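All values reported here derive from a predicted model rather than from experimental measurement.
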Amino acid sequence: MAKEITSRAEDYSQWYLDIVKKANLAENSAVRGCMVIKPYGFALWENMRDQLDRMFKETGHVNAYFPLFIPKSFLSREAEHVEGFAKECAVITHHRLMADPNGKGLVVDPEAKLEEELIVRPTSETIIWDTYRNWINSYRDLPLLINQWANVVRWEMRTRLFLRTAEFLWQEGHTAHATKEEAMEETLRILDIYTTFAEEYMAMPVIKGIKTPNERFAGADETFCIEAMMQDGKALQAGTSHFLGQNFAKAFDVTFLNENNQQELVWATSWGVSTRLIGGLIMTHSDDNGLVLPPKLAPTQVVIVPVPKPAGPIDEASAKIMKALKDRGITCKYDMDMKNRPGFKFAEHEMHGIPVRLAIGQRDLDNNQVEVARRDTGEKTSVPLDGVADYVQQLLGDIQNNLFQKAKTFQEQKTTRIDSFNDFKDLLDTESPGFISAHWDGTTETELEIKEQTKATIRCIPLDGEAEEGTCILTGKPSARRVLFAKAY
RNA sequence: CGGGAUGUAGCGCAGCCCGGUAGCGCGCGUCGUUCGGGACGACGAGGCCGCAGGUUCAAAUCCUGUCAUCCCGACCA
């Protein structure tokens, strides 16, 4: 068998790149740091997007669209925010090109310099809050619950397909509330939506937590996150939900008149998940044979491979199965390809992570059955033709659960409680350190010192962590609870 | 922005030292034999050798410049 994918043991990051490429998810483009999301990868993103979109709408949010370009001056309105993003902005300085007077090609027309430069949005808080000022007058205008699906640009130095690209797709929610309590509730409601989505759809277990001040979103009072553990023992921030306090309301002068006819500043949240989730999905479930997709998000849930190739009786039997599957809301593809042999197709569909494969040949027809193979475990069984749709429906559910359970067990195994800094360093020196649950004295100074020495960062202060007296792993100072450290993507 | 490397067919590479017909594997096309775990044979298509100068009768090959990409170090969902 031709090995087309580098094994994880051999080279994990090459394995990741092989999966992205061989599963037809995305490729690098002519533009440095920017990727082309291919139809199969985009179909996956669409499924993720549709589920999230539904969940946002069920909780009262509506979609809108704000401009790609943001006046440079907007960014500087909120002090923390500028500092966070200024270093990675694409800037538009001119609006016209002209023929190069010295030769061939085009040059920027120096006459066409913009009065005020525009930046390509790295996130949209500023333009949105500038707009909200006009939309919000009274407490009756609140809460304002808006989401947008958009692309954003952050000029990253080192990029990796899906995990970190200069341009990426995401959703960003921006809400305005009358009270601090409401805004905080919203922040946590969204964190729960993200958690539900990650665990029930992506089958990717996550830890809900609060970011330390050092890791907080630029401009937020508090950042909540979900953190996932990848197969190589590194953590991935999978989603963030920010309680913005009144910072943007102050910066953009967004006030409302309350029931007592008094002016008050609005309370805000913002939250987002991006195409980075696809990277997380890959690194949670996939194996050395290729992509593994959870049934709830797979663009194609079932593929039928005719053996040896499409032909009358096999086509007929397959058509019946497909009909029965479609009646149950299961997406199914019949492999009509005449060129490749069954063995090749098996490998190919495994590479693409299709959860269930059915194979039908004359041998099966003679026995009135069909071969069913599941992607997650590789197991194959023969099932009577009659009951195959019901069997597959149940199997898809089993696969979804199995993927989650397997990932959950892995995450638990990869979480270590540590109480001495030597053990801490030793574990971080290993190939696959995972999450380390340890005490921290709560200071940024200590956090940075630990990062300096070990490259590990505090991923979050887990929300469900119990209070526990202890002493800081580095300084020995008192600590009230454990936090999660890890090396991160 | 510092250090290292590479640009030759769609992809992966050889050829460069020692200048002289543009080569291999994969992929692609046609035909045939195959087909229950990545098939094989025959024939075929496909290249301003990154770009610009220079040396030479002659440059993928030598020299100069330039551009681009990749890898390693400081930021980040």
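B:C26 and B:G10 make up a base pair, with Watson-Crick or G-U wobble contacts both under 3.5 Å. B:U34 makes up no base pair with any nucleotide shown, lacking Watson-Crick or G-U wobble contacts both under 3.5 Å. Remark: B:G65 base-pairs with B:C51. Criterion, Watson-Crick or G-U wobble with two distances under 3.5 Å.
Contact annotation for A:M338: no contact, since no heavy-atom pair falls under 4.0 Å across all strands. A:F168 comes within 4.0 angstrom of a base, heavy atoms only. Nucleic acid contact for A:G361: base, since at least one base atom lies under 4.0 Å from a heavy atom of the residue.
Classified by interplanar angle (parallel below 30°, tilted 30° to 60°, perpendicular above 60°), the ring pair A:W129/A:Y132 is perpendicular. Taking the six-membered ring where the residue is Trp, A:W149 and A:F56 present tilted rings, their angle falling between 30° and 60°.
Note: CZ (A:F346) to P (B:G36) measures 8 Å, nearest angstrom. What separates NZ of A:K451 from P of B:G73 is a distance of 14 Å, to the nearest Å. Distance, A:H349 NE2 to B:G36 P: 15 Å, rounded to whole Å. Atom-to-atom, CZ of A:R158 to P of B:G73 comes out at 7 Å; the value is rounded to the nearest Å.
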Using the 3.5 Å cut-off, write out each protein N or O paired with an N or O of nucleotides 39-41 of chain B and the distance between them.
unit_1	atom_1	unit_2	atom_2	d
B:A39	OP2	A:R341	NE	3.4
B:A39	O4'	A:R341	NH1	2.7
B:A39	N9	A:R341	NH1	2.7

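Under the 3.5 Å distance criterion, with hydrogens and angles disregarded, no donor-acceptor pair is assigned to the side chains of A:N214 and A:T444.
For the pair A:N214 and A:V31, both in contact range of RNA chain B, the more 5′-proximal nearest nucleotide belongs to A:V31. Mapping A:R216 and A:L17 onto RNA chain B by nearest heavy atom places A:L17 closer to the 5' end of the strand.
Residue-to-nucleotide contacts include no donor-acceptor pair under 3.5 Å from the side chain of A:K345 to the base of B:G36. Contact annotation: side chain of A:Q362 to base of B:G36, donor-acceptor pair absent below 3.5 Å. Scanning atom types as modelled, one donor and one acceptor separated by under 3.5 angstrom connect the side chain of A:R357 and the base of B:G37.
Comparing the C1' positions of B:U21 and B:C26 gives a spacing of 25 Å, expressed to the nearest Å. Rounded to whole Å, the C1' atom of B:G20 lies 11 Å from the corresponding atom of B:U61. Using atom C1' as the reference point in both B:U8 and B:G47, the two lie 8 Å apart (nearest Å).
With respect to the salt-bridge test (charged N to carboxylate O, under 4.0 angstrom), the residues A:E227 and A:K211 qualify.
Regarding contacts with the backbone of B:A74, a side-chain N or O of A:K455 is found under 4.0 angstrom from either OP1 or OP2. Within the structure, a side-chain polar atom (N or O) of A:R32 is placed less than 4.0 Å from OP1 or OP2 of B:C70.
Under the 6.0 Å cut-off for aromatic ring centres, A:F69 and A:F74 do not qualify, their centroids lying 6.0 Å or more apart.
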